[in-house]
Protein chains: 2
Amino acid sequence: MGKLHEPLNDQSCGLPTALEVMGERWSFMILRAAFNGLHHFEEFLGVLGIARNILSNRLARLVEHGIMKREPLPDDRRKIEYRLTEKGLDLLPAMLALRQWGEKYGVGVPSNPVLCDARDGQPIAPIGIHAHDGRPLGPKELEWRDRADLGTDDHGDLPARPALNVLR
Amino acid sequence: MGKLHEPLNDQSCGLPTALEVMGERWSFMILRAAFNGLHHFEEFLGVLGIARNILSNRLARLVEHGIMKREPLPDDRRKIEYRLTEKGLDLLPAMLALRQWGEKYGVGVPSNPVLCDARDGQPIAPIGIHAHDGRPLGPKELEWRDRADLGTDDHGDLPARPALNVLR
DNA sequence: CGGTATCCACATGGATACTG
DNA sequence: CAGTATCCATGTGGATACCG
């Protein structure tokens, strides 16, 4: 395979950065399991049906990237807990957005469990794009702008293609 | 490598579905380029620095999955345009969520171009989780609930782990 | 329990040449 | 221009045995 562990050739966009960590399919599944409350090596092993060496490798990589932390339990130092860090928890919106897309276009089976507002017990709203005033925005109300046009100077991301011309 | 093209062993969650399509790193990068306005084989080729055969393969797969469509131009049938479908466009929130995460924890360079509200020109709000009334929710205001508890019956996703116990 | 260490299968990816 | 066809390198993943 190509040079998988060289950083992707793009320094100015966050997407390649995210991909470098999440680009491996098992990392995603491990994260999902972690979000659903799994903490131990053998739990992941059983639930995911992943090989030991791969699980070991992926957990180590997630820890390296600061997405999960590894803590031996005080009572039995052989027992180890893996927990999401803040950085890992911050992946929740991305995970949910992907999951919702998969539910919309996949087999069509809404999945379980459902993430709910703890206060009223109601399911959360679909992840979407919102203006700063909170109004939800459809793809037609969006446009690309150069950051420079907003006041701050910056470098390019992709060759300037300011229009979301994907929509006409 | 394992059986990469067997569906991931989970029928009731949308995340594996999404992963099956987006799990390949190049697919992500191609999608990003498409969202930024690229439409042609050689454009992708030049911008992404991907091998011809891989690009060909990934484009075909994206078309297969209904995420992009391939249309020969009426004037010159050799020229082909690749465009995002509705299904592809619906990946935008997930892409943005990942990108924002990457920007927050990556090299820290905010990327270009910036997606803005076409009406007021202001950058969109960060992708986040919202209650049905629109109020933004932090991780501590979230909890997992079984779908059955909401009225509709359903099957399991992962072994029942209703609590987002990741947060305490 | 939570890993390493091996060994092996094969998918992904790069480079390059060729084609309609 | 938009691909195929080939060849080859290596990363990902599975199975299994072993270890502290």
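Just so it is clear: chains get the letters A, B, ... in the order the sequence lines come, proteins before strands, and each one is counted from 1.
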Out of curiosity, B/Y82 OH to B/E71 CD, how far, rounded to the nearest 0.5 Å?
11.0 Å
Whole angstrom value for the distance that separates C1' of D/dA2 from CD1 of B/I54
16 Å
Rounding to 0.5 Å, atoms CZ (B/R58) and CD1 (B/I54) come to a distance of 5.5 Å
Find the distance A/R58:CZ to C/dG2:C1' and express it as a whole number of Å.
17 Å
Those residues that, when tested against A/E42, pass side chain to side chain donor-acceptor pair (under 3.5 Å) (two or more places apart):
A/R52
Value in whole Å for how far the C1' atom of D/dT12 lies from CZ of A/F28:
17 Å
Give a yes or no answer on whether the side chain of B/W101 reaches the backbone of A/P93 with a donor-acceptor pair at less than 3.5 Å.
no
Base, sugar-phosphate, or nothing for A/I80, non-hydrogen atoms under 4.0 angstrom?
sugar-phosphate
Compute the angle between the rotation axes at the two ends of the helix from C/dC1-D/dG20 to C/dG20-D/dC1, each taken over five pairs, rounded to 10 degrees.
50°
Atom pair distance, as rounded to whole Å: CD1 in B/I50 and P in C/dG13
7 Å
Using atom types as modelled and distance alone, determine if a side-chain donor or acceptor of B/T85 lies under 3.5 Å from a backbone N or O of B/K69.
no
Please check the phosphate of D/dG14 (OP1 and OP2 only) for any side-chain N or O of A/W26 closer than 4.0 Å.
yes
Collect all protein-nucleotide pairs involving nucleotides 4-7 of chain C in which both atoms are nitrogen or oxygen and the distance is under 3.5 Å.
| unit_1 | atom_1 | unit_2 | atom_2 | d |
| --- | --- | --- | --- | --- |
| C/dT4 | OP2 | A/S56 | OG | 2.8 |
| C/dT6 | O4 | A/N53 | ND2 | 3.3 |

Report the distance from atom CG of B/D76 to atom P of D/dG3, rounded to the nearest whole Å.
13 Å
What is the distance, rounded to the nearest whole Å, between atom CG of B/L55 and atom C1' of D/dT4?
13 Å
Under 4.0 Å from OP1 or OP2 of D/dG3: is there any side-chain N or O of B/R70 that close?
yes
How many whole angstroms separate atom CG of B/L48 from atom P of C/dG13?
12 Å
Pair A/E143 + A/R145: basic N to acidic O under 4.0 Å:
yes
Spacing between B/E43 atom CD and D/dG3 atom C1', to the nearest angstrom:
16 Å
Among A/H132, A/H130, A/R135, which residue meets the side chain to side chain donor-acceptor pair (under 3.5 Å) test with B/D117?
A/R135
Could you tell me whether the side chain of B/Q100 and the main chain of B/A97 form a donor-acceptor pair under 3.5 Å?
no
Let me confirm one number: the CG-CD distance from B/L73 to B/E81, rounded to the nearest 0.5 Å.
4.5 Å
Do any side-chain nitrogens or oxygens of A/H40 fall under 4.0 Å of OP1 or OP2 in C/dC1?
no
